Amino acid sequence: MNRPSNLTRREFLRLSGLGLGGLAVSSLLSACGLTLEPDTLVPLGSTAAPASGLATPSSTGELVEISLRAARASYDILPGGKTRVWQYQASLLQGPPASLQTLPDSYLGPILRLRRGQMLKVHFENQINEPSIIHWHGLSVPDEMDGHPRHAIEHGQSYTYEFPILNRAGTYWFHPHPHQRTGPQVYYGLAGLLIVSDDEEAALGLPAGDFDLPLVIQDRIFDSQNQLDYAANPMTGFFGDQILVNGQVDYILEAAAAPYRLRLLNGSNARIYKLAWDDGAPLTVIATDGGLLEKPVERDYVTLAPGERAELYADFSADPVGTQRSLVSLAFEGRGGGMGGMMGGSAAGLPQGTKMDILRSKITRAGQAGPGLPERLSAPGFFAVQDAVNARRPRRFDLTMHMAGLINGRTFEMESVASDEVVRLGDLEVWEFANLGGGGMSMMGGSDQPHPMHIHNVQFQVLERRLEGGLPRAYNTLSDGFVDSGWKDTVLVMPGEAVRLLVKFDHYVGLYLYHCHNLEHEDGGMMRNYRVESRG
Ligand code: C2O
Ligand code: CU
Ligand code: CU
């Protein structure tokens with residue numbers, strides 16, 4: 001595969017611990033975070049407040065208004081009979097026609113294509129026979145707009161969302177978030193992409209239109225009647241035996257001999273992917289959860305945990321017509337190596353770490369080489385070194401499994417916030433997620449589960465990863481695939497690992513969630529509220 005030649009290899013930064021000396025925070029951190037454009041920000045409702053030090057917003061952006069319902073549907077996914085699913089179905093009420101794009105022949109929800117600064121208004125109608133609510137994963141929105149389970153609505157009810165798009169250009173997504181039913185609702189089909197663009201991104205001339213391909217990766221099990229079988233193990237999560245990309249099995253990416261932007265979302269409940277081309281060509285990563293990296297990075301494989309996104313620049317322009325290759329998920333040591341391994345996967349699914357084919361690409365026609373990938377992609381606006389140093393001592397969260405996942409020994413409670421879960425608007429903090437198993441490895445209480453930890457309402461920087469649990473062999477089967485040099489909202493914390501993040505609580509006060517994005521862990525209670533309070 002043709003690719004830019006002068007990329008620096010291994011941009012993976014292992015920063016020495018804050019307060020431990022040798023702070024090599026380097027060029028990763030500069031300037032300030034997610035900045036607001038004062039002329040496009042609109043605070044909403046009583047809980048909305050502009051972050052400290054920012055000008056008061058003055059006007060509204062262009063309105064994009066859609067109606068979106070969660071409903072029953074059925075699709076031809078496998079030969080021999082339709083599969084019943086739940087689906088987000090949308091129509092555009094106002095705004096540019098390109099704001100709403102449906103995936104043909106797919107149960108997946110529509111793709112919302114928005115610009116930073118627009119106002120999004122969504123009339124959500126719940127037509128499935130259980131409570132639901134929509135969460136906008138990765139976006140910063142007022143707390144009543146965030147899809148907290150306390151806002152779940154019954155069948156037949158509706159909920160109106162309205163918020164400005166504050167985030168940078170990037171690949172975000174939306175999915176249900178009712179308490180204890182997020183896993184099954186996503187599994188049966190409720191998920192969609194929300195793609196944001198902005199001026200900085202537009203200036204790059206990245207592959208667009210037909211050359212900008214969203215690829216949502218999920219694993220499923222079909223029964224003999226072609227119906228989705230959700231047999232989830234609460235300890236390990238759901239594992240399927242079949243990969244779907246954009247809702248289709250045996251996905252074939254028919255491409256021109258040209259550069260592509262591939263937007264990957266791991267929309268699976270619990271499966272982690274170790275993505276690589278089968279011909280050994282490296283992957284060029286240009287974006288993570290919160291948008292474009294400062295510079296492209298290359299990886300032999302990319303690790304993508306549930307909820308995470310990665311964007312690839314895949315240049316097929318030197319490939320002769322007829323070239324085929326597969327994107328695969330390579331085998332890795334998916335469990336800590338302890339006895340818990342025996343519990344990996346549901347009855348019929350393939351365990352975490354099993355090698356699986358994801359999709360096949362075929363060059364079917366000639367194409368244009370394009371302008372090439374710029375060496376510098378964006379000014380990510382990372383937090384300043386000085387701010388990182390000044391941030392308070394880490395706020396630590398211990399991740400444990402005792403029949404179900406716990407965070408600092410606690411399970412989810414709908415309204416409550418512990419005293420160590422209160423932050424102040426505008427504060428920059430260091431958060432540490434420690435997956436150390438409460439002091440040992442054991443079958444039920446040990447640290448043999450990976451936890452993709454997600455924080456609502458923010459994009460954060462990964463500062464440091466420390467392996468303390470003594471499982472380097474297993475860890476090393478995945479760790480070269482982490483891309484930590486961009487904005488993230490979900491970070492994989494492996495068994496034995498402690499990960500430190502730099503996170504700033506901007507934009508809004510209110511009640512938000514942080515949780516494991518293994519959806520069965522989340523539904524089992526590995527989720528907590530945190531509250532952003534105004535200063536003074
Ligand atoms: Cu995508 Cu609270 O999650
Ligand atoms: Cu989220
Ligand atoms: Cu978990």
Side-chain angles (χ1 to χ4, degrees), residues 109 132-141 143 145-152 167 170-183 185-187 190-194 216 218 232-239 265-272 289-290 305-309 334-336 340 344 352 397-407 411-412 433-437 445-460 487-495 497 499 503 511-530:
S132 195
I133 194 71
I134 300 177
H135 167 59
W136 315 94
H137 180 128
L139 297 186
S140 180
V141 300
D143 79 341
M145 302 292 136
D146 194 47
H148 190 282
R150 74 188 189 284
H151 293 132
N167 285 69
T171 305
Y172 306 93
W173 65 303
F174 57 98
H175 61 76
H177 223 298
H179 187 34
Q180 299 178 320
R181 293 294 293 169
T182 296
Q185 289 188 14
V186 171
Y187 185 76
L190 296 176
L193 286 170
L194 191 156
V216 180
Q218 297 174 311
N233 174 329
M235 286 298 283
T236 57
F238 173 86
F239 293 96
L265 160 66
N266 182 348
S268 308
N269 286 33
R271 186 175 296 282
I272 298 164
D289 304 341
E308 288 186 309
R309 289 83 71 208
R335 303 161 301 272
Q352 183 80 286
F397 301 94
D398 284 309
L399 311 175
T400 50
M401 297 291 292
H402 294 281
M403 304 312 289
L406 300 173
I407 302 177
T411 191
F412 181 64
F433 289 117
N435 186 5
L436 306 178
S447 61
D448 67 347
Q449 287 296 309
H451 298 296
M453 297 306 297
H454 171 50
I455 312 176
H456 282 214
N457 197 45
V458 295
Q459 292 289 331
F460 51 75
W487 289 111
K488 300 282 296 163
D489 54 50
T490 307
V491 65
L492 181 58
V493 185
M494 290 298 286
E497 191 177 40
V499 178
V503 52
L511 195 66
Y512 294 96
L513 298 164
Y514 65 105
H515 61 86
C516 179
H517 220 285
N518 173 317
L519 297 182
E520 286 70 39
H521 289 180
E522 173 185 339
D523 284 343
M526 198 172 192
M527 173 161 79
R528 292 288 301 173
N529 290 314
Y530 74 93

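What you are looking at is a predicted structure, and each value in this text was computed from that prediction instead of being measured. Only heavy atoms go into these numbers, but all of them, side chains included; no hydrogens, no water, no symmetry mates. Order of appearance sets the numbers: ligands from 1, and atoms from 1 within every ligand.
Side-chain N/O atoms of Q352 and T236 include no donor and acceptor closer than 3.5 Å. With 3.5 Å as the limit, one finds a donor-acceptor pair spanning the side chains of H137 and D489. Under 3.5 Å, the side chains of E522 and H177 contain a donor-acceptor pair of N or O atoms.
When L519, N518, I272 are each tested for a side chain to side chain contact (heavy atoms under 4.5 Å, CB included) with P306, only one passes: I272.
Classification of the H135-H456 ring pair by plane angle, with boundaries at 30° and 60°, yields parallel.
The nearest N, O or S atom of H135 is closer to the Cu ion (ligand 2) than 2.8 Å.
Nearby protein atoms of type N, O or S around the Cu ion (ligand 3) amount to 3 (distance under 2.8 Å).
Under the 6.0 Å cut-off for aromatic ring centres, W173 and H517 qualify, their centroids lying closer than that. Aromatic ring centres of H451 and F433: separated by at least 6.0 Å.
Contact of the L513 side chain with the P149 side chain is registered, since non-hydrogen atoms from C-beta on lie closer than 4.5 Å. For the pair H175 and L190, the minimum side-chain heavy-atom distance is 4.5 Å or more.
Formation of a donor-acceptor pair under 3.5 Å by the D146 side chain with backbone atoms of H148 is not found in this model.
Residue-and-atom listing of protein N/O/S atoms under 2.8 Å from atom 2 (Cu) of ligand 1, sorted by chain and number: H177 NE2, H456 NE2, H515 NE2.
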